[in-house]
Amino acid sequence: MERRHFLRLGAVASGVFAVGGGGRLTEGLARAQTLAVPTVDRLVMTTVVDNIYDIFANGGKLDSITVERAPYRGKVNALLAEHGLAYHLESLHKGERREILLDFSLTDLNLFNNYRALGLDPTRADALIISHGHRDHYGALPDLARTGQGKFKPGLALYAGGEDTFCHRVAVTPTGQTADQGQLDRAGLEAAGLRVMLATQPAVVAGHAFTSGQIPRLTDFEKPPAAARLVAGPMDSVCSPAHFTASKVEVKPGELVTDTFQGEHATAYHVKDRGLVVITSCGHAGVINSVRQAQKAAGIDKVHAIVGGFHLAPAPDEIVAKTVASFQEINPDYIIPMHCTGLNTIIAVHRVMPQKLVMPSTGTRVIFGT
Ligand SMILES: [Fe+2]
């Protein structure tokens, strides 16, 4: 039986956004509003960009979802895959429709091509969500904000899970080489008219979805990727590790520090008569931690689907096994691994719960609910 509680929107801090004449307006903290987790009748989740595009992936009606695959169309409206992730989320409740864009892939070339090829108009969005500050998730967002300026709904909100979403990140390979993950330019987004909302606590988005807020690390086996680093900013800046973590260690600006992904958050829906659909995006906080936080935030135990990048491709077998055992414990109806999940985990899920596994492919539409 589901436990319905209320969300306490304790610290959804809205940011600074540009107003006419180049002025700036700072909104105060929206404190302690009590919000019920919304329920939707139907959620249509379209994977706009993913790492693979498999024209032979199986689709059709399963027990309680429908999986529609994008047909092969030759060179006309061809879909493009890349190392990146982007979703279009369309929900319906009592005739009311909402559209949310979650993450924005790596390149504007692929994202804009696929919006067009899939017949999706990003300017219809009721809200935007960025899961975390890696370029394979925010890459095309600055271009989308610029090209959508004047076309997006006025005051369109972009939900981020923390200030560190806008800090500079790099990955350090085992051989010591660094790969620049870039830095999402918050001021540039605000100048283009987006209203940045820092949802450090669970928050309702566009009246239909909710974000997890920052994700407590409950499991003892889910750790941030060893390669992930954050470039320290000045001590008094939002990108100083001391500013947003408990760390009191002083580091000089420009030094690399371990990235704990404090501001990463998951996106979730409560689908009527089905349960939660939890989308982890890249899952650096741990897919199990992310699901547990979504359950806690909603006060709902039943998980209908676990979706997203689970970031287990580089993980040893032991961690994959513990994750799959936790999946069995959570017992979702479906698991839809994509992006950075890794074939190791897909195979492990298939081995123990093949009927729950939905293979990923760019352009796939999964219909949850009625
Ligand atoms: Fe990613």
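In listed order, ligands and their atoms are each counted from 1.
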In D136, what N, O or S atom is nearest to the Fe ion (ligand 1), if we give its atom name? OD2
Closest contact, heavy atoms only, E82 versus S105: OE2-OG, 2.5 Å
Can an N, O or S atom be found in H339 less than 2.8 Å away from the Fe ion (ligand 1)? yes
Residue pair I335 / F310: nearest heavy atoms and the distance that separates them: CG2-CE1, 3.8 Å
H134 backbone or side-chain N/O/S under 2.8 Å from the Fe ion (ligand 1): no
Quick check: does H83 have an N/O/S atom under 2.8 Å of the Fe ion (ligand 1)? no
May I ask you to say whether E329 pairs ionically with R292, meaning some side-chain N is under 4.0 Å from a carboxylate O? yes
Should the pair H134 and H132 be assigned to parallel (<30°), tilted (30 to 60°) or perpendicular (>60°) ring geometry? perpendicular
